[in-house]
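Here is how names work: the chains are called A, B, and so on, in the same order as the sequence lines, proteins then strands, and each is numbered from 1.
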Amino acid sequence: MAKYDFKVSEKKWQDFWRDNHTYQFDPDSNKPIFSIDTPPPTVSGKLHLGHVFSYTQTEIIARYKRMAGNNVYYPFGMDDNGLPTEKLVEQELGIKGSEMDREDFISKCLAVVGEYHKKYRDLWQSLGFSVDWKLEYSTISPSVRKLTQENFIDLYQRGYIYRKKSPSLWCWNCQTSVAQAEVEDTPKESVFYDIPFKDAQNNQLIVATTRPELLPACVGMIVNPQDKRYAHLIGKEVTTPLGHKVKVYADDKAKIDKGTGIVMCCTYGDETDLEWKNKFNLEEKIIIDKHGRFIADCGLEALVGKTITEGRKSCVAWLREKKLISKEVPITHDVGCHERCGTPIEIVNTDQWFVKVLEFKKELLTLGNKIKWHPQSMKQRYNSWVENLKWDWCISRDRFYGIPIPVYYCQECGEIILPEKQQLPLDPLTFKIDKVCPKCNALGLKGENLVLDTWFTSGNSPELNVKLNQPLTKGKITIPMSLRPQAHDIIRTWTFYTIVLAYFKYQSIPWQDIAISGHILLRKGEKISKRTGGGQLRPEDQISLHSADAIRYAMCGASLGLDAYYDDNEIENGKKLINKLFNASNFCFMALQDYHNPSLKYEELLPIDSWLLAKSFDIANKMSTYLEKYDYSHSKAIFENFFWSIFCDNYLEIIKKRIYNLESNDPKKRSAQTALFYSLLNILKIASPFIPHITEDIYQSYYINTLPSAPLSIHLSSWPSEDSKNITMSLEKTDSVVSEIINIINLVRTQKSHDGMSLAKEVSNLQIFHPALKMADITPYLFDLQGTTKAENINIAIGKEISVALKYKA
RNA sequence: GGUCGCUUGGCUCAGUGGUAGAGCAUUCCAUUCACAUUGGAAAGGUCAGUGGUUCGAUCCCACUAGCGACCACCA
């Protein structure tokens with residue numbers, strides 16, 4: 001018998017599925033629709049094992065749902081614009097978006113992105129994902145651009161989007177504004193500098209700060225209202241080391257026990273400074289520009305033109321020289337940094353566009369409650385994010401490769417002027433619209449140069465699925481979709497933004513269910529990060545080394561939502577299972593050589609055969625219960641136990657004598673064959689969502705020709721289901737006896753093992769002692785029992801406990 | 001600081017209000033009739049700690065400790 005060669009077979013069946021459109025969405029089907037809001041991966045380089053982990057878990061669900069009678073809508077998208085993609089292109093081509101014509105840069109981006117589409121698609125296909133590739137979308141495609149710009153205009157006109165010049169989160173390294181969700185706390189080494197200020201009486205007043213370079217931007221001092229040390233200063237003026245006079249204010253946010261208890265408020269050191277500036281109506285002193293450099297009139301000569309880091313050094317040097325630092329204490333503290341580049345986020349006053357979210361917290365929490373979360377505990381992350389929002393969603397980015405904000409300004413009065421919807425998609429930098437300012441009648445219009453946060457597009461993925469590919473879906477996909485699968489790191493971005501946009505556009509939840517997967521870790525505590533991408537372990541290599549089925553198997557061992565390790569052991573187990581399935585099937589087909597005209601009548605089966613078959617349906621039911629809850633791991637575990645332990649180790653051994661020793665027309669043999677024929681089919685079906693290639697291979701080698709009206713692919717067959725009466729009848733009648741029979745067999749095996757005998761050692765007499773079973777009970781199993789134990793004679797007698805005594809043949 | 005989750009044999013993890021389970025690792029035994037990517041078996045745990053509820057707690061409750069994550073703080 002030829003060995004199973006996954007390298008040949010996996011490719012063969014992937015091609016087969018593609019050529020036969022096996023997973024194509026059928027808009028004319030009457031089956032209930034199960035629609036999956038697949039995550040469009042960010043095109044930012046290579047896909048890593050983290051992606052494989054999360055997507056495989058969804059893939060299993062898609063396959064199960066299809067077999068369970070649903071019309072599965074399983075599309076694929078690529079999020080191929082925005083900052084990560086831009087950086088990829090800049091790195092790959094050695095160019096800078098900021099140094100070239102925007103249109104030219106974008107066309108270069110599109111070319112690079114096209115190559116990555118293919119790479120991504122190839123990887124997914126090599127894992128055997130049952131995606132309908134005709135339903136692919138890209139977030140930079142013209143139709144998505146149009147839809148996104150329409151949405152922008154729509155939400156702007158309905159008052160959900162506004163433009164404002166205000167201090168916002170800014171990454172000077174990436175030269176763009178960022179949203180709250182893109183800020184990541186990172187521990188940074190720093191130093192607390194004690195700097196003397198002076199009060200009106202010329203008394204020293206020590207202020208501790210980690211950001212001495214912001215001294216020139218100090219516009220106020222804050223103390224805690226309860227702090228007796230400084231109570232006398234509240235409302236008075238103090239003098240900074242630079243000679244500025246600033247007033248002292250009281251606010252609870254100043255902690256008595258932190259630093260020296262007195263804080264300088266600078267525009268802007270952090271978000272609290274912004275709060276205080278607004279609360280006490282302080283002036284704004286901007287000393288750092290958009291590029292993160294100190295401006296010419298920043299107020300301290302030593303800082304001019306320097307970056308923030310250099311500026312801090314120079315400032316400290318300057319202060320030391322003037323003997324204005326009384327103490328330096330090194331500390332490590334968390335600093336909000338840009339998740340993409342690690343640069344500390346600054347607050348810079350710029351014109352940006354925002355989506356209102358702060359005033360809708362209550363509604364957003366209500367919507368979160370209407371969605372079913374799997375696992376449920378993940379909802380808490382969404383809740384705490386919404387509850388703690390501090391900024392409206394900043395959707396504008398000062399970058400190049402993204403969907404342009406479709407807005408024009410009157411050059412005379414600055415009025416905002418929108419294009420017509422039929423003109424979309426457009427780039428206002430190059431596309432001229434022929435409009436007169438409605439306010440001042442001026443003619444000259446200037447296009448907006450900001451582009452949209454890519455989440456503004458991908459956060460609308462349910463609508464993309466509804467509106468794109470209309471000829472293929474015929475409007476059958478609706479909101480809410482059935483399922484959003486994703487990993488837990490993007491709850492505060494993708495989950496949140498999608499709920500926001502679905503609320504504004506549809507006053508609806510975007511999906512019924514959300515299934516949150518965990519992360520795959522390389523070793524304890526070692527994440528596959530956005531920046532490092534899993535080191536040497538490339539999915540492509542792992543697949544060609546171990547097979548797609550084995551990798552898939554290894555990816556679905558951990559419970560939904562839990563992080564897991566990338567474990568060689570699990571891959572080995574997967575390979576063993578594939579091998580076992582192949583070999584067991586070969587045995588079955590050999591046993592079925594003289595089995596023709598399959599038909600299933602329970603009354604024609606021996607008890608153990610109907611038991612096995614009923615058991616296989618029962619297992620399928622149990623798996624189904626788990627899979628309906630997106631619990632692939634328990635489902636896999638009970639499959640494996642059934643197949644390996646019950647089917648292979650016990651049942652196949654039990655029936656061997658009937659297969660080998662009986663004539664073709666013997667009803668006892670035919671009974672075993674019928675059980676084999678149908679239970680192996682069930683086994684292949686229930687394993688197929690997990691290991692689709694090997695199961696298809698086996699199915700195609702036998703069932704396609706023997707099963708009446710066999711579907712073209714095992715993946716188009718239906719999940720095993722049987723009249724529950726047949727299952728319960730067979731199981732109730734025989735379950736306890738069969739488990740006693742298996743017990744007896746195991747006891748004999750143990751005894752032989754204990755006696756140092758081969759399991760094939762012939763036994764002249766097997767004496768069974770059992771508290772309840774009588775000869776009549778075991779008679780239907782006697783033939784099998786003889787075959788399994790190699791016993792010539794078998795007797796049973798009453799005994800306190802179950803036990804066996806063997807008399808070996810000489 | 002707040003919230004959520006976790007703590008079970010050497011490792012990775014299931015699990016249940018009624019004498020603890022799996023896989024891997026370890027040790028021993030078997031072998032030619034599907035499979036050495038095999039089969040059989042042994043050894044290995046006071047289920048993190050303390051207290052409570054209960055006839056009975058690994059499971060329910062409270063507290064404590066450790067780990068992880070999310071959120072907040074970050075002068």
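- With a 3.5 Å ceiling on both atom-pair distances, the Watson-Crick or G-U wobble partner of B:C60 is B:G52.
- Residue A:F192 is classed as a sugar-phosphate contact, given heavy-atom separations below 4.0 Å to backbone atoms only.
- Only the P atoms considered, B:C60 is 31 Å distant from B:A72, to the nearest whole Å.
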Pair A:D666-A:K668, salt bridge (Lys or Arg N to Asp or Glu O under 4.0 Å): steps then yes or no: CA-CA 5 Å; A:D666 192 309; A:K668 276 192 198 143; 5.8 Å; no
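- Heavy-atom distances to RNA chain B give each of A:D257 and A:I578 a nearest nucleotide, and the one nearer the 5′ end belongs to A:I578.
- At a threshold of 4.0 angstrom between heavy atoms, the contacts of A:K761 with the nucleic acid are absent.
- With a cut-off of 3.5 Å on both pairing distances, B:G9 has no Watson-Crick or G-U wobble partner at all.
- When rounded to the nearest whole Å, the span between NE2 of A:H333 and P of B:C73 equals 14 Å.
- Here, B:A48 and B:U8 have their P atoms 6 Å apart, quoted to the whole Å.
- Counting atom types as modelled, A:N383 pairs no side-chain N or O with a base atom of B:C71 as donor and acceptor under 3.5 Å.
- In this structure, the CD1 atom of A:I516 is 18 Å from the P atom of B:C4, given to the nearest Å.
- The same atom, C1', is picked in B:U50 and in B:G9; the two are 24 Å apart, to the nearest Å.
- For A:N579, whose side chain is taken as the heavy atoms from C-beta onward, the closest listed nucleotide among B:C73, B:G39, B:C35 is B:C35.
- Distance noted for atom P between B:A57 and B:G51: 13 Å (whole Å).
- Summarising the base pairing, B:A43 is matched to no nucleotide, lacking a Watson-Crick or G-U wobble pair whose two defining distances lie under 3.5 Å.
- The distance from atom CE of A:M378 to atom P of B:C71 is 12 Å, rounded to the nearest whole Å.
- In this structure, A:E653 reaches the bases: a heavy-atom distance under 4.0 Å links it to at least one base atom across the strands shown.
- Relative to the ring axis of A:F642, A:K615 does not place its NZ or CZ within 45° and under 6.0 Å from the centre.
- Rounded to whole Å, the separation between the P atoms of B:C59 and B:A20 comes to 14 Å.
- Across all strands, A:S753 comes closer than 4.0 Å to base atoms (heavy-atom distances).
- In this structure, the nucleotide among B:A41, B:U37, B:G23 sitting nearest to the side chain of A:K576 is B:U37.
- In this structure, A:M264 reaches neither bases nor backbone, as no heavy-atom distance under 4.0 Å exists between it and the strands shown.
- A:N388 comes within 4.0 angstrom of sugar-phosphate atoms only, judged by non-hydrogen atoms across all strands, and of no base.
- For the OP1/OP2 pair of B:C35 and a distance below 4.0 Å, the side-chain nitrogens and oxygens of A:W644 include no atom meeting the criterion.
- Between B:A72 and A:Q180, a contact under 4.0 Å exists linking OP1 or OP2 to a side-chain N or O.
- To the nearest whole angstrom, the two P atoms, one in B:G49 and one in B:G10, are 14 Å apart.
- Using a distance-only test at 3.5 Å, with no hydrogens or angles considered, a donor-acceptor pair links the side chain of A:Q180 to the main chain of A:K390.
- Figure legend. B:G68 is base-paired to B:C4; pairs are counted as Watson-Crick or G-U wobble with both atom distances under 3.5 Å.
- Checking B:C73, B:A41, B:G39 against every side-chain atom of A:K580, the shortest atom distance belongs to B:G39.
- With hydrogens and angles disregarded, no donor-acceptor distance shorter than 3.5 Å links the side chain of A:N224 to the backbone of A:K255.
- Between A:K379 and B:G5 there is no side-chain N or O to OP1 or OP2 distance below 4.0 Å.
- Computed from coordinates, the A:Y382 OH to B:A72 C1' distance equals 19 Å when rounded to whole Å.
- Toward the 5' end of RNA chain B, the nearer of the two residues A:V207 and A:D649, judged by each one's closest nucleotide, is A:D649.
- In this structure, B:A30 and B:U38 make a Watson-Crick or G-U wobble pair, each of the two defining distances being under 3.5 angstrom.
- Counting non-hydrogen atoms under 4.0 angstrom, A:K752 reaches nothing in the nucleic acid.
- The number of heavy-atom neighbours closer than 6.0 Å to NZ of A:K761, taken from other residues, nucleotides and ligands shown, is above 12.
- One interatomic measurement links the two molecules: NE2 of A:H374 to C1' of B:G5, which rounds to 18 Å at whole-angstrom precision.
- Nucleotide B:G68 holds its C1' atom 10 Å from the CZ atom of A:R381, rounded to whole Å.
- Put simply, A:S559 has a side-chain N or O that comes within less than 4.0 Å of OP1 or OP2 on B:A14.
- Using a 4.0 Å cut-off between a side-chain N of Lys or Arg and a carboxylate O of Asp or Glu, A:E346 and A:R211 qualify as a salt bridge.
- In this structure, A:F496 has its ring center no closer than 6.0 Å to that of A:W393.
- Residue A:C648 is in base contact, counting any heavy-atom pair closer than 4.0 Å across all strands shown.
- For A:R749, the listed nucleotide lying nearest its side chain is B:G40; candidates were B:G40, B:A30, B:U38.
- Phosphate contact (OP1/OP2 of B:U3, side-chain N/O of A:S384, threshold under 4.0 Å): absent.
- Straight-line distance between the P atoms of B:C47 and B:G18: roughly 15 Å, to the nearest whole Å.
- Going from the C1' atom of B:G17 to that of B:C55 covers 12 Å, rounded to whole Å.
- A:D609 has a carboxylate O that lies under 4.0 Å from a charged side-chain N of A:R658, or vice versa, which qualifies the two as a salt bridge.
- The phosphate of B:C70 (OP1 or OP2) has no side-chain N or O of A:R492 nearer than 4.0 angstrom.
- Distances shorter than 4.0 Å separate some side-chain N or O of A:H634 from OP1 or OP2 on B:G15.
- Using a 4.0 Å heavy-atom criterion, one finds that A:S190 contacts no nucleic acid atom at all.
- Note on A:K188: nothing from the nucleic acid sits closer than 4.0 angstrom, heavy atoms only.
- Here A:A584 lies in heavy-atom contact (under 4.0 Å) with a base.
- Taking the side chain of A:K390 as heavy atoms from C-beta on, and the options B:U37, B:G23, B:C73, the nearest nucleotide is B:C73.
- Nucleotide B:C13 holds its P atom 9 Å from the CG atom of A:L562, rounded to whole Å.
- Remark: C1' of B:A30 and CD of A:E762 are 16 Å apart, rounded to the nearest angstrom.
- Using cut-offs of 30° and 60° for the angle between ring planes, the A:W455 and A:Y497 rings count as tilted.
- A:K669 and A:N661 form no side-chain donor-acceptor contact under 3.5 Å, judged by distance and modelled atom types alone.
- Considering only side-chain atoms of A:Q380, the nucleotide from B:U12, B:C4, B:A72 that sits closest is B:C4.
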